Amino acid sequence: MISEGASLLFEKIQEKLSSLVKISEFDLKEGMLVCGLDAAYKENIGISSAIVLKLNEESPIAESIFREKITYDYIPGLLYIREAPLLLGALNKLSVKPDLLLIDGHGLAHPRRAGLASIIGLLTDIPSIGIAKRLLTGNVIWDNEKIGRIEVAGEYVGIAYRTHKGKTMYASIGHMVTIQTINKIILLYNYDEPLPIMLAHRAVRKAIKIRS
DNA sequence: GCGACAG
DNA sequence: ATCTTGTCGC
């Protein structure tokens with residue numbers, strides 16, 4: 001449970017962090033390490049995973065699993081207080097330092113302009129992109145059948161795209177990347193859920209299942 | 001007041 | 001996210 005006062009505190013912190021987010025050019029280069037992050041839950045236990053792949057390769061070169069007792073409930077807009085500790089734990093166990101983080105959740109496509117992806121990027125000082133399956137705030141202006149622009153409070157913060165199976169995904173700027181970076185990532189993973197995130201998702205699902 | 005609401 | 005069987009659709 002999170003008290004009303006604590007929620008206000010976390011919202012204030014989030015607003016401050018938002019002002020620290022940098023939108024900057026990020027060039028994808030051969031050999032770069034792309035890391036997918038995801039988490040799953042089993043009762044009061046949270047499990048997270050970080051899966052690292054070299055750009056254009058499909059076998060992980062490093063991966064980690066992290067488990068920790070959950071202390072907070074999920075509150076829309078405050079996902080980070082529940083999930084950031086888990087993701088940081090998984091990142092901390094990696095044997096390598098990723099060049100780019102792909103995180104399940106939003107970046108700037110957030111009411112306070114600082115979703116989980118932005119916060120993880122800021123705290124680790126690693127460029128990041130948020131990729132969510134549902135929109136939390138803002139609107140999508142579809143340019144064509146498969147690509148659209150995500151706008152929040154008049155700002156172009158990300159790209160919405162439709163998977164080959166018809167599922168809409170919402171990718172937004174986390175930290176130290178631009179819309180162009182997101183465009184390249186979407187193309188790189190062929191308009192599907194990015195492989196690193198897919199593998200991280202499978203890893204946590206598997207880990208959750210084993211401990212039951 | 002009503003509805004919406006990342007994972 | 002998670003609880004869950006059969007079932008609608010490609």
Side-chain angles (χ1 to χ4, degrees), chain A residues 1-2 4 7-8 10-11 13-15 17-18 21 35-51 65-91 101-123 128-140 148 150-153 155 157-175 182 191-194 196-212:
Chain A
M1 289 291 134
I2 303 176
E4 188 178 333
S7 292
L8 290 171
F10 287 123
E11 287 172 8
I13 291 172
Q14 197 169 31
E15 284 165 9
L17 290 175
S18 172
V21 171
C35 175
L37 291 164
D38 196 15
Y41 306 87
K42 178 71 177 182
E43 291 167 0
N44 61 337
I45 294 296
I47 295 188
S48 57
S49 176
I51 304 285
I65 285 283
F66 180 77
R67 297 168 53 88
E68 189 167 87
K69 191 173 176 184
I70 287 302
T71 33
Y72 297 113
D73 285 330
Y74 164 70
I75 294 177
L78 288 177
L79 175 63
Y80 86 98
I81 67 180
R82 175 179 169 92
E83 208 149 298
L86 290 172
L87 302 192
L88 290 175
L91 281 169
L101 305 178
L102 301 183
I103 299 169
D104 206 320
H106 291 297
L108 293 185
H110 183 281
R112 287 175 292 280
R113 205 176 171 281
L116 177 65
S118 295
I119 290 177
I120 293 295
L122 272 170
L123 299 181
S128 65
I129 294 173
I131 297 168
K133 301 168 196 65
R134 290 160 45 180
L135 202 57
L136 176 60
T137 189
N139 314 69
V140 175
I150 301 175
E151 280 196 6
V152 177
E155 185 182 5
V157 299
I159 296 175
Y161 63 96
R162 292 207 174 92
T163 295
H164 294 305
K165 291 170 183 171
K167 177 69 184 169
T168 302
M169 304 289 285
Y170 305 88
S172 61
I173 293 171
H175 184 49
I182 294 177
Y191 287 84
D192 210 331
E193 171 174 284
I197 290 186
M198 201 180 288
L199 295 179
H201 186 69
R202 287 179 194 164
V204 291
R205 287 301 307 164
K206 187 175 181 180
I208 280 289
K209 231 176 173 181
I210 290 176
R211 308 279 194 195
S212 340

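Because the structure is predicted, anything quoted here is derived from the model rather than measured. Every chain is numbered from 1 and lettered A, B, ... according to where its sequence line falls, protein lines coming before strand lines.
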Taken to the nearest whole Å, CG/A:Asn44 to C1'/C:dT2 is 14 Å
Smallest heavy-atom separation, A:Ala117 atom then A:Ser128 atom, equals O-OG, 2.8 Å
- request: Kindly determine whether A:His106 and A:Leu116 satisfy side chain to side chain contact (heavy atoms under 4.5 Å, CB included), including the steps that lead there.
  value: CA-CA 6 Å; A:His106 291 297; A:Leu116 177 65; over 6 Å; no
When we call it a touch if two heavy atoms are under 4.0 Å apart, what does [X] touch: a base, just sugar-phosphate, or nothing?
X        : result
A:Gly130 : nothing
A:Leu37  : nothing
A:Lys133 : sugar-phosphate

What protein N or O atoms touch nucleotides 3-10 of chain C N or O atoms at under 3.5 angstrom, if any, and at what distances?
none

Using a strict 4.0 Å threshold on nitrogen-to-oxygen distance, state whether A:Arg205 and A:Asp38 make a salt bridge.
no
Q. Are A:Glu15 and A:Arg113 within salt-bridge range, i.e. N to O under 4.0 Å?
A. no
Min and max contacting nt of DNA chain B in 5' to 3' order, chain A heavy atoms within under 4.0 angstrom, are B:dC5 to B:dG7
In this structure, CD1 of A:Ile103 is separated from CG of A:Leu79 (nearest 0.5 Å) by 10.5 Å
Are any non-hydrogen side-chain atoms of A:Leu88 and A:Ile120 less than 4.5 angstrom apart? yes
Ring-plane angle category for A:His164 and A:Tyr191, please: parallel below 30°, perpendicular beyond 60°, tilted otherwise.
tilted
Distance alone, cut at 3.5 Å: any donor-acceptor contact between the side chains of A:Tyr41 and A:Glu83? yes
